[in-house]
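In what follows, a structure is listed as structure tokens, so that the remarks can point back to it.
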Number of protein chains: 2
Amino acid sequence: MPNRSTAHPQLAHEVLAAVLQVRAGSLRVLLWERGMEPHAHRWSLPGGRLGGDESVEDSIRRQLAEKVDVRQLAHVEQLAVFSAPDRVPGPRTIATAFLGLVPSDNDPALPSDTAWHPVDTLPETAFDHHAIVLRARDRLRAKLSYTNIGFALAPPEFTVSALRGIYSATLGYRVSATNLQRVLSRRGLLEATGETSRPGRAGGRPAALYRFTCRGMQVTDPFAVFRPPSR
Amino acid sequence: MPNRSTAHPQLAHEVLAAVLQVRAGSLRVLLWERGMEPHAHRWSLPGGRLGGDESVEDSIRRQLAEKVDVRQLAHVEQLAVFSAPDRVPGPRTIATAFLGLVPSDNDPALPSDTAWHPVDTLPETAFDHHAIVLRARDRLRAKLSYTNIGFALAPPEFTVSALRGIYSATLGYRVSATNLQRVLSRRGLLEATGETSRPGRAGGRPAALYRFTCRGMQVTDPFAVFRPPSR
DNA sequence: CATGTTTTCGATTCTAAGGCGAAAACCTCG
DNA sequence: CGAGGTTTTCGCCTTAGAATCGAAAACATG
């Protein structure tokens, strides 16, 4: 089927990322405050225009490097395309949105216009960025239940209660440490390091340290309710 | 952060859809045979260039109307963005890929260059369309397990064995009718119509007819392993 | 050393899914 | 019209994973 031969309008493509991290007990997103119109002084997602010789994945990593040390990004995945014709003023711009995750022990140096905001109490955001953040949050919450994506939120080594804090902050409700421990262990995602952490000032039994058994730091979706036979 | 001020290359955006349907006992995808170079006589996904005043969702529905009666599309969802710089020859083109589903009782009239191909034995495909089809297939298989997306593959009313056939063809292995019946019922997705179908020539007990309890024909993702409290 | 705190582990319950076989309902053919 | 064959349906049992509970372990402080 031939393409329609009308002149095509100028069209730009941008990449945006909702970079999430658990810090100070709540799930937060990296935003920067716009200095210029349109939407000056509103908060927006990091990102920028797609370059001529890069994929959207390459592009978002390149652009995020301006905001945060990309080596601290433990996970990046496509979220969705946002393409409403009036989503931004000016020339038509399509956005590919990403979800990025930073482990909770990292505290990257940030530009002065950039800060972490709790995803549940966002400031005034620019354009459709509010909806993108919520979509990222929902995607993360869903995947936390049935994938090993938690490794991207946790430090390399952690105690079960620390992990419980991360899961609780992300999901928005308190999960049981006992259950978390066994569910992740049964799935073969958790591995004891043998080390233990020193207890806090209040005493208590020292907690064993664990790590995720990351097979190559990939998010796996091992989910099938109707199982293939032979198991 | 200001945009870089270099001139931006011409960039096009296209939408593509992997429209899947179970027919003749196997999961198939709607492809059309290219008449012109590049990649003449190879099979490619329906779609086309994004119009100036439409979202990608609007666009894919408009473009699919040229191939298949869109009223038969029970479900359409974004799949992913494909953006490798060399994914198609000629000017740079970004693709937003969709997954579309047609219930198995529909047999839409097709243009002469268009046909259904089993997703597991694809003919020679154009560009990166092969990868897109496989991604759509995998997404469908995964979601079939933990959402109600099956309603988009099934007729309005069906017997349990018919549904079993659809699930088996989609997943690629045989599922148990007994279990399928109970799992879907327990989730509250299945509803008896009261009617029964007449048995085939070979006899047998007449099968009860069911329908999906589609709350507004939406795909719901009711999945949480770590449950919120109060349930 | 007693007390308090935190973590860990085992035992039990609960829910969902998978498997099996008997019963039900219908056909065709002799 | 009844015997045999076919397909569907339903109940019971097993298995697996998750949630809950409480006791025991390991440490700090006074």
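Each chain gets a letter, A, B and so on, in the order its sequence line appears, and its residues count up from 1.
For A:R201 and D:dC27, the shortest distance from a side-chain N or O to OP1 or OP2 is not below 4.0 Å.
When the C1' atom of C:dA16 is taken as reference, atom CG of B:L184 falls 13 Å away, rounded to whole Å. Residue A:Y167 contributes atom OH, which lies 12 Å from atom P of D:dA18 at whole-angstrom precision. In this structure, A:N179 atom CG and D:dG17 atom P are separated by 13 Å, rounded to whole Å. In this entry the distance linking OH of B:Y146 with C1' of D:dG17 reads 19 Å, nearest Å. Following rounding to the nearest Å, B:R186 (CZ) and C:dC14 (C1') show an atom-to-atom distance of 12 Å. In this structure, B:R187 atom CZ and C:dA16 atom C1' are separated by 9 Å, rounded to whole Å. Atom pair B:L190:CG and C:dA17:P shows a separation of 13 Å (rounding to whole Å applied). The interatomic distance linking B:R164 (CZ) with C:dG19 (P) rounds to 12 Å, in whole Å.
Taking the six-membered ring for Trp and the full ring otherwise, the centers of B:Y210 and B:F158 sit at least 6.0 Å from each other. No close placement of the B:W43 and B:H129 rings is indicated, their centers lying 6.0 Å or farther apart. A ring-centre distance under 6.0 Å is not found for B:F82 and B:F127.
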Open item on the list: Treating primed atoms plus P, OP1 and OP2 as sugar-phosphate and everything else as base, which nucleotides of nucleotides 2-11 of chain C get B, S or - for protein heavy atoms under 4.0 Å?
Closed with: --BBBBSBBB
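Using a 4.0 Å cut-off between charged nitrogen and carboxylate oxygen, A:R62 and A:E54 count as a salt-bridge pair. In this structure, B:R141 pairs ionically with B:D120, as a charged nitrogen and a carboxylate oxygen lie closer than 4.0 Å.
Side-chain atoms of B:Q72 and B:Q21 include no donor-acceptor pair closer than 3.5 Å.
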